*Asks:* 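Supplied in structure tokens, the structure appears directly below.
Predicted, not measured: the structure shown is a model, and the values here were computed from it.
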Amino acid sequence: MDYDRIRPVRYLTGILEFWRLWPKKGSVSRPNWNNWQGYLLHVPFTLLFAILLWMEAMRSKDIQHTADVLLIGLTTTALWAKIINNWKYAHVAQGILNEWSTLDLFDLRNKQELDMWQYEHRRYSRVFVFYVMCSAGVIPWIVIQPLFDIPNQLPFWMWTPFDWNHPVLFWYPFIYQAITIPIVCVCNITMDGVNWYMMLHLSLCLRMLGQRLSSLKHDEEQLREKFLELVHMHQRLKRQAQGIEAFISKSTFTQILSPVLQDLPGFAAMMQYLLAMIMQIMLPSIYGNDVINSANMLTDSLYNSDWPDMNPRMRRLILMFMVYLNRPMSLKAGGFFHIGLPLFTKTINQAYSLLALLLNMNQ
């Protein structure tokens with residue numbers, strides 16, 4: 001059917017390509033480390049900003065001030081790690097997206113599959129727009145509110161080679177941060193969105209495979225060819241899952257290990273940031289869980305096919321494939337954590353345990 005199967009992610013990859021975090025169309029063979037335009041865009045902002053934050057933290061003699069600076073410093077450092085990860089593995093993700101959008105194997109062949117794709121695309125778009133509103137909505141509070149402080153304060157403390165408290169010199173670091181903060185936010189949001197979509201699309205392909213397996217009939221023409229095509233599709237999806245894991249593993253791992261809270265000006269801004277942080281952990285867990293569930297349903301889908309009336313050779317093939325399907329498919333973060341809802345609950349539980357420990361130590 002004439003439908004763009006990866007429509008939502010095209011806008012995101014276009015943004016990443018503008019910021020030189022995504023390979024140009026047609027270049028999917030290997031990472032491009034001669035990306036001087038990317039270095040020119042990100043070294044003066046994300047990398048330099050992270051270095052200035054860490055220098056401020058190391059030079060500080062106040063523990064509370066050091067902790068406050070490290071909050072945003074860890075976030076920016078994690079973003080730089082995600083940028084390097086994109087430069088290294090984005091060509092893998094682009095190759096998988098090209099397969100999804102061009103191969104006949106992944107064509108939508110009936111209205112049920114088309115409706116499933118359209119519904120999930122609409123839901124993903126709504127969720128992502130909400131995430132953007134939560135994340136980007138914090139920027140005006142961060143940038144504008146310090147201008148009303150007397151004396152003026154920078155949005156985030158960072159080291160400068162001069163005394164920025166001087167009324168004239170203050171504007172240089174302030175303008176730098178006013179430019180850097182939106183860049184950091186846009187890159188972070190967009191890379192997260194691409195990661196989530198890769199997992200969502202993989203789960204959709206597995207669900208589509210399950211529907212096609214369950215619709216097999218013993219009296220179909222070319223039954224064996226159709227069945228072997230579905231086996232080939234599953235093998236390709238397993239290879240794609242390995243590529244997706246390589247692409248999202250390190251960035252999701254950094255996201256899990258560095259949950260950051262930040263003292264934002266005002267209750268509304270704090271709630272927006274809190275929602276954004278929860279969604280950064282929850283959404284990859286939800287979409288990763290969809291991959292696990294969709295893969296687990298393949299055995300039931302094949303069992304629901306018209307296998308009892310098939311010939312003995314086909315039944316043997318189906319039995320072998322069902323045994324093969326017993327090997328679970330899941331995505332891992334950092335090679336340790338299975339990305340799914342148990343990971344989300346475990347992360348929240350550990351965060352609460354750490355908070356309770358800090359409160360008890362403070363008392």
*Asks:* Would you call Lys24-Glu17 a salt bridge at under 4.0 Å N-O?
*Replies:*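 Salt bridge: no.
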*Asks:* With a 4.5 Å cut-off on side-chain heavy atoms, are Ile181 and Pro155 touching?
*Replies:*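 Touching, per the 4.5 Å side-chain cut-off.
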*Asks:* Are Met233 and Leu213 linked, directly or through other ILVMFWY residues, by side chains that come within less than 4.5 angstrom of each other?
*Replies:*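 Both belong to a single hydrophobic cluster.
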*Asks:* Atom CG in Leu48, atom CE in Met55: separation rounded to 0.5 Å?
*Replies:*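 Spacing of CG (Leu48) from CE (Met55) equals 10.0 Å.
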*Asks:* Kindly indicate, with the supporting measurements, whether the criterion side chain to side chain donor-acceptor pair (under 3.5 Å) is fulfilled by Asn195 and Ser251.
*Replies:* CA-CA 9 Å; Asn195 289 357; Ser251 59; 3.0 Å; yes
*Asks:* Nearest heavy-atom pair of Leu302 and Ser305: which atoms, and what distance?
*Replies:*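 Heavy atoms only, the tightest pair is O-OG, 2.6 Å.
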*Asks:* Do Ser330 and Ile339 come within less than 4.5 Å of each other through their side chains, counting heavy atoms only?
*Replies:*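 SC-SC contact between Ser330 and Ile339 ruled out.
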*Asks:* Side-chain heavy atoms nearer than 4.5 Å, only ILVMFWY residues, links allowed to pass through others: does that put Leu325 and Met208 together?
*Replies:*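 Per the 4.5 Å side-chain linkage, Leu325 and Met208 are co-clustered.
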*Asks:* Any side-chain heavy atom of Phe227 sitting closer than 4.5 Å to one from Gln222?
*Replies:*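 With C-beta onward as the side chain, the pair stays apart.
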*Asks:* So, Tyr3 versus His121, ring centres under 6.0 angstrom or not?
*Replies:*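 Centroid separation for Tyr3 and His121: below 6.0 Å.
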*Asks:* Could you tell me whether Asp192 and Lys82 have a side-chain N and a carboxylate O separated by less than 4.0 Å?
*Replies:*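 A salt bridge links Asp192 with Lys82.
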*Asks:* I would like to know whether Trp54 and Thr77 meet side chain to side chain donor-acceptor pair (under 3.5 Å); could you show each step before the answer?
*Replies:* CA-CA 9 Å; Trp54 280 98; Thr77 305; 2.7 Å; yes
*Asks:* Going hydrophobic residue to hydrophobic residue with side-chain gaps under 4.5 angstrom, can you get from Met158 over to Ile179?
*Replies:*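 Yes, Met158 and Ile179 fall within the same hydrophobic cluster.
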*Asks:* Check Thr76 against Leu53 and note the closest heavy-atom contact, atom names and distance.
*Replies:*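 Of all heavy-atom pairs spanning Thr76 and Leu53, the closest is OG1-CD1, 3.7 Å.
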*Asks:* Between Leu298 and Leu206, what is the shortest heavy-atom contact and its length?
*Replies:*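 Leu298 and Leu206 have their closest heavy atoms at CD2-O, 3.4 Å.
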*Asks:* Any side-chain heavy atom of Met198 within less than 4.5 Å of one from Gln240?
*Replies:*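 Not touching, per the 4.5 Å side-chain cut-off.
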*Asks:* In terms of hydrophobic clustering (I, L, V, M, F, W, Y; side-chain heavy atoms under 4.5 Å; direct or indirect links), are Val168 and Ile175 co-clustered?
*Replies:*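 Per the 4.5 Å side-chain linkage, Val168 and Ile175 are not co-clustered.
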*Asks:* Counting distance only, does the side-chain N/O of Arg212 pair as donor-acceptor with the main-chain N or O of Leu230 below 3.5 Å?
*Replies:*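 Side chain of Arg212 to backbone of Leu230, a donor-acceptor pair under 3.5 Å: no, none is there.
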*Asks:* Tell me, with the steps shown, if Leu12 and Phe128 meet side chain to side chain contact (heavy atoms under 4.5 Å, CB included).
*Replies:* CA-CA 11 Å; Leu12 304 181; Phe128 184 73; 3.5 Å; yes
*Asks:* For the CG atom of Asn86 and the CD1 atom of Ile248, what is their distance to the nearest 0.5 Å?
*Replies:*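 Here the interatomic distance stands at 12.0 Å.
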*Asks:* So, the side chain of Glu120 versus the backbone of Leu200: is there a donor-acceptor pair under 3.5 Å, distance only?
*Replies:*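 Side chain of Glu120 to backbone of Leu200: no pair is present.
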*Asks:* Between His42 and Trp80, is there a side-chain heavy-atom distance shorter than 4.5 Å?
*Replies:*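 With C-beta onward as the side chain, the pair touches.
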*Asks:* Assess the pair Trp196 and Tyr131: is the distance between their ring centroids shorter than 6.0 Å?
*Replies:*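 Yes, ring centres under 6.0 Å apart.
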*Asks:* Is any side-chain heavy atom of Ile84 closer than 4.5 Å to a side-chain heavy atom of Lys250?
*Replies:*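 The answer is no, as the side chains (C-beta and beyond) never meet within the 4.5 Å cut-off.
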*Asks:* Working to the nearest 0.5 angstrom, can you tell me the gap between Phe156 CZ and Thr75 OG1?
*Replies:*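 Reported value, rounded in 0.5 Å steps: 8.5 Å.
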*Asks:* Work out which heavy atom in Leu223 is nearest to a heavy atom in Lys217; give both atom names and the distance.
*Replies:*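 Looking at all heavy atoms of both residues, the shortest contact is CD1-O, 3.4 Å.
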*Asks:* Between Asn289 and Ser285 (side chain of the first, backbone of the second, donor and acceptor by atom type, cut-off under 3.5 Å), is there such a pair?
*Replies:*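 Flag not set: sc Asn289 to bb Ser285 has no pair under 3.5 Å.
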*Asks:* Give the intermediate values and the outcome of side chain to side chain donor-acceptor pair (under 3.5 Å) for residues Glu113 and Gln211.
*Replies:* CA-CA 9 Å; Glu113 293 176 357; Gln211 292 174 2; over 6 Å; no
*Asks:* So, taking the atom named CG in Leu21 and the one named CG in Asn85, what distance separates them when rounded to the nearest 0.5 Å?
*Replies:*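 Between atom CG of Leu21 and atom CG of Asn85 there are 11.0 Å.
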*Asks:* Quick check: does any side chain N or O of Ser294 sit under 3.5 Å from a backbone N or O of Ser203, one acting as donor and the other as acceptor?
*Replies:*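 Checking the backbone N and O of Ser203 against the side chain of Ser294, a donor-acceptor pair under 3.5 Å is found.
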*Asks:* Do Thr180 and Thr46 make a side-chain contact, defined as non-hydrogen atoms from C-beta onward lying under 4.5 Å apart?
*Replies:*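 When only atoms from C-beta onward are counted, Thr46 and Thr180 do not touch, as no gap falls below 4.5 Å.
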*Asks:* I'd like to know if Arg207 pairs up with Asp290 as an ion pair, taking the criterion as any Lys NZ or Arg NE/NH1/NH2 lying under 4.0 Å from an Asp or Glu carboxylate oxygen.
*Replies:*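 Result for this pair is no, no salt bridge flagged.
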*Asks:* Crowded around Arg315 CZ? As in, over 12 foreign heavy atoms under 6.0 Å?
*Replies:*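 Yes, enclosed.
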*Asks:* Can you tell me how far apart CG (Leu317) and CE (Met320) are? Round to the nearest 0.5 Å.
*Replies:*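 Here the interatomic distance stands at 4.5 Å.
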*Asks:* Are Val9 and Leu103 linked, directly or through intermediate hydrophobic residues, by side-chain heavy-atom contacts shorter than 4.5 Å (ILVMFWY only)?
*Replies:*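 Same cluster: Leu103 reaches Val9 through Ile, Leu, Val, Met, Phe, Trp or Tyr contacts under 4.5 Å.
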*Asks:* Work out which heavy atom in Arg5 is nearest to a heavy atom in Leu108; give both atom names and the distance.
*Replies:*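 Nearest pair, atom of Arg5 first, then Leu108: CD-CG, 4.0 Å.
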*Asks:* Over 60° means perpendicular and under 30° means parallel, so tell me whether Trp307 and Tyr303 are parallel, tilted or perpendicular.
*Replies:*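 Geometry flag for Tyr303 against Trp307: tilted rings.
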*Asks:* To the nearest 0.5 Å, tell me how far Thr13 OG1 sits from Trp22 CH2.
*Replies:*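 Rounded to the nearest 0.5 Å, the OG1-CH2 separation comes to 6.5 Å.
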*Asks:* Could you tell me whether a side-chain N or O of Asn311 sits under 3.5 Å from a main-chain N or O of Arg313, the two making a donor and an acceptor?
*Replies:*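 Indeed, once roles are kept as given, a pair shorter than 3.5 Å links the two residues.
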*Asks:* Taking the six-membered ring for Trp, is the centroid-to-centroid distance between Trp171 and Phe174 below 6.0 Å?
*Replies:*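 Yes: the rings meet the under 6.0 Å criterion.
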*Asks:* If only atom types and distance count, is the side chain of Tyr89 paired as donor or acceptor with the main-chain N or O of Ser249 below 3.5 Å?
*Replies:*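 Checked: no pair found.
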*Asks:* So which heavy atom on Met314 is nearest to which on Met310, and how close?
*Replies:*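 Looking at all heavy atoms of both residues, the shortest contact is CB-CB, 4.0 Å.
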*Asks:* Taking Gln37's backbone N and O only, do any of them form a donor-acceptor pair with Arg20's side chain (distance below 3.5 Å, no angle check)?
*Replies:*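 Checked: no pair found.
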*Asks:* Looking at Arg239 and Glu245, is any side-chain nitrogen of the basic one under 4.0 Å from a carboxylate oxygen of the acidic one?
*Replies:*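 No salt bridge links Glu245 with Arg239.
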*Asks:* Counting the benzene-type ring for Trp, do His166 and Phe170 have ring centres under 6.0 Å apart?
*Replies:*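 They do not qualify: ring centres at least 6.0 Å apart.
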*Asks:* Between the main-chain N or O of Val132 and the side-chain N or O of Ser135, is there a donor-acceptor pair closer than 3.5 Å?
*Replies:*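 Side chain of Ser135 to backbone of Val132: no pair is present.
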*Asks:* Short question: side chain of Asp306, backbone of His218 - any donor-acceptor pair under 3.5 Å?
*Replies:*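 Yes, because the side chain of Asp306 sits within donor-acceptor range (under 3.5 Å) of the backbone of His218.
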*Asks:* Please report the C-alpha distance between Tyr197 and Tyr287 in whole Å, then the side-chain angles of each, then the deciding distance to 0.1 Å, and finally whether the side chain to side chain contact (heavy atoms under 4.5 Å, CB included) criterion is met.
*Replies:* CA-CA 8 Å; Tyr197 183 82; Tyr287 292 132; over 6 Å; no
*Asks:* Less than 6.0 Å separating the ring centroids of Trp87 and Tyr39?
*Replies:*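 Here the rings of Tyr39 and Trp87 have centres that are less than 6.0 Å from each other.
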*Asks:* Working note: Met116 + Gln112, criterion side chain to side chain contact (heavy atoms under 4.5 Å, CB included); need CA distance, chi angles, decisive distance, verdict.
*Replies:* CA-CA 6 Å; Met116 180 175 66; Gln112 183 183 9; 5.9 Å; no
*Asks:* Are the aromatic ring centres of Trp157 and Trp164 under 6.0 angstrom apart?
*Replies:*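 Centroid separation for Trp157 and Trp164: below 6.0 Å.
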*Asks:* Could you walk me through whether Trp19 and Leu41 pass side chain to side chain contact (heavy atoms under 4.5 Å, CB included), step by step?
*Replies:* CA-CA 7 Å; Trp19 290 107; Leu41 281 170; 4.1 Å; yes
*Asks:* So Tyr324 and His234, would you call those rings parallel, tilted or perpendicular, with 30° and 60° as cut-offs?
*Replies:*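 Rings of Tyr324 and His234: perpendicular, as their planes differ by over 60°.
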